[in-house]
Amino acid sequence: MPSPRVTRAANASTSNPNGKFEFMSLLTNRTSIPEPVSARLRTSDSPVHRKDSFSSSSQQQQLPEEDCMKLNPSFLGIALRSLLAVDLWLSKTMGVCAREGSSWGSARPMMKLVEISGHGIPWIVGTVYCLNKSESSAGREVILNLLFALLLDLILVGIVKGIVRRRRPVHNRMDMFATFSVDKYSFPSGHATRAAMVSRFILNHLVLAYPVRVLVMLWAVVVSLSRVMLGRHNVTDVLFGFFMGHMQYNLVEYFWLSPSTLPALFKA
């Protein structure tokens, strides 16, 4: 019976006749050995690897400048958006006469009469008529400057509306009296500017009794308020228009037309 040593030698000689181990098999066995955990940790913790991973993550997280502005809006932008939201909500809430089916829809015809009382065409036609009928030089001077104020109001309001181009409220009905192309825009309210300017002009240049002066001031407030109630304008349109009307009056006072500037118009 052969010994175990002879059997192992015979098997080795059979599998490898040359008596040498195959080097490729050793390499194959070598590569199949898993890499130690410590080696993997050293590779991942190397400065080069950390630098590459940081640069790739920073490139993925980097956003365009305009996206950063949208994600981080300024305080002024937030304030303007909040003001716009409050303005739209308040304008819609106060538009109680915008439709016949609104809560105050029955008062819509009366509000439209108030609207006509603050329209520019009746005021200009009436002022021209009074200018032709006036016989005194002092009265003609006042009426002429009122006409100048009304024309200046139409020009300035038209320019601002053409620049801003803010649309009228969605609940508005375009059934206004004698509109022009620029009247499709909402900012500012021409009725509010005219009411503020005319009321201030009358109170400063006409001698009126105290009840009449109260009625003039009340008329200016009601005309401005009717713009929101009818759904014609937003609240900010009316507020800015009222302020603009007062500034227009200061401009008329600065460029006041007198007999020395236009002597031909003041002849008896």
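Quick note: residue numbers are just sequence positions, from 1.
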Do Arg99 and Arg173 make a side-chain contact, defined as non-hydrogen atoms from C-beta onward lying under 4.5 Å apart?
yes
Are Val221 and Ile116 linked, directly or through other ILVMFWY residues, by side chains that come within less than 4.5 angstrom of each other?
no
d(Leu251 CG, Phe255 CZ) to nearest 0.5 Å is 5.5 Å
Within this structure, what is the CG-CZ distance for the pair Leu113 and Arg108, rounded to the nearest 0.5 Å?
12.0 Å
So CZ of Arg140 and SG of Cys130: to nearest 0.5 Å the spacing works out to 12.5 Å
Minimum heavy-atom distance between Met244 and Thr193, given as atom pair plus value:
CB-CG2, 4.0 Å
Could you check if a side-chain atom of Ser186 sits within less than 4.5 angstrom of a side-chain atom of Pro169, using non-hydrogen atoms only?
yes
Return the minimal non-hydrogen interatomic distance between Ser224 and Ala220, and the atom names on each side.
OG-O, 3.0 Å
Got Leu84 and Leu80 here, is their nearest side-chain heavy-atom distance under 4.5 Å?
no
Considering all heavy atoms, the nearest Ser226-Met111 contact:
CB-SD, 3.8 Å
Considering non-hydrogen atoms only, spot the tightest contact between Val238 and Ala192 and give its length.
O-CB, 3.7 Å
Got a donor-acceptor contact below 3.5 angstrom from the Asp87 side chain to the Val235 backbone?
yes
Heavy atoms, side chains only, cut-off 4.5 Å: are Asn204 and Tyr249 in contact?
yes
Closest approach of Cys97 to Ala107 (non-hydrogen atoms, all atoms of both residues)
SG-CB, 4.2 Å
Does one side chain, of Arg227 or Asn172, offer a donor that lies under 3.5 Å from an acceptor on the other?
no
Should Leu215 and Phe201 be counted in the same cluster of Ile, Leu, Val, Met, Phe, Trp and Tyr side chains packed under 4.5 Å apart?
no
Distance-only check: which donor-acceptor pairs under 3.5 Å involve side-chain atoms of residues 155-163, not counting sequence neighbours?
none

Cluster link Leu206 to Leu218, ILVMFWY, side chain under 4.5 Å:
yes
I need the full list of salt bridge (charged side-chain N to carboxylate O under 4.0 Å, His left out) pairs touching residues 231-244, with sequence neighbours left out, sorted by first then second residue.
Glu115-Arg232, Arg166-Asp237, Asp175-Arg232
For the CG atom of Leu225 and the CZ atom of Phe242, what is their distance to the nearest 0.5 Å?
11.0 Å
Could you tell me whether the side chain of Ser199 and the main chain of Ala195 form a donor-acceptor pair under 3.5 Å?
yes
So which atom in Ala196 and which in Gly245 form the shortest heavy-atom distance, rounded to 0.1 Å?
CB-CA, 4.1 Å
Under a plain distance cut-off of 3.5 Å, with no hydrogens placed, do His233 and Arg168 share a side-chain donor-acceptor pair?
yes
With Thr127 as reference, evaluate Leu150, Leu151, Asn132, Val198 under the side chain to side chain contact (heavy atoms under 4.5 Å, CB included) test and give the passing residue.
Leu150
Indicate whether the side chain of Glu141 and that of His205 have a donor and an acceptor atom separated by less than 3.5 Å.
no
Report yes or no: does Ser102 contribute a side-chain atom to a donor-acceptor pair with the main-chain N or O of Gly105 at less than 3.5 Å?
no
Counting C-beta onward and ignoring hydrogens, is there a side-chain heavy-atom pair between Ile78 and Ser82 closer than 4.5 Å?
yes
For the CG atom of Leu131 and the CD1 atom of Ile143, what is their distance to the nearest 0.5 Å?
6.0 Å
Walk me through whether His246 and Met197 qualify under side chain to side chain contact (heavy atoms under 4.5 Å, CB included).
CA-CA 5 Å; His246 283 282; Met197 182 187 63; over 6 Å; no
Any pair counted as ring pair (Phe, Tyr, Trp, His ring centres under 6.0 Å), so long as it reaches residues 121-148, sequence neighbours left out
Trp123-Trp219
Just verifying a value: how many Å separate Asp153 CG and Gln248 CD, rounded to the nearest 0.5 Å?
4.5 Å
Would Trp256 and Asn145 satisfy side chain to side chain contact (heavy atoms under 4.5 Å, CB included), going step by step from the backbone distance to the final call?
CA-CA 7 Å; Trp256 185 264; Asn145 281 276; 3.3 Å; yes
hydrophobic_cluster_shared for Leu203 and Val223, side chain cutoff 4.5 Å
yes
Give the intermediate values and the outcome of side chain to side chain contact (heavy atoms under 4.5 Å, CB included) for residues Leu154 and Arg194.
CA-CA 9 Å; Leu154 289 178; Arg194 193 173 303 110; 3.5 Å; yes
Within a strict 4.5 Å, meaning less than it, do heavy atoms of the Arg200 and Asn250 side chains meet?
yes
If you define the side chain from C-beta out and look only at heavy atoms, does anything of Leu147 sit under 4.5 Å from Ile124?
yes
Any link between Tyr254 and Phe243 through a network of hydrophobic side chains (Ile, Leu, Val, Met, Phe, Trp, Tyr) touching at under 4.5 Å?
no
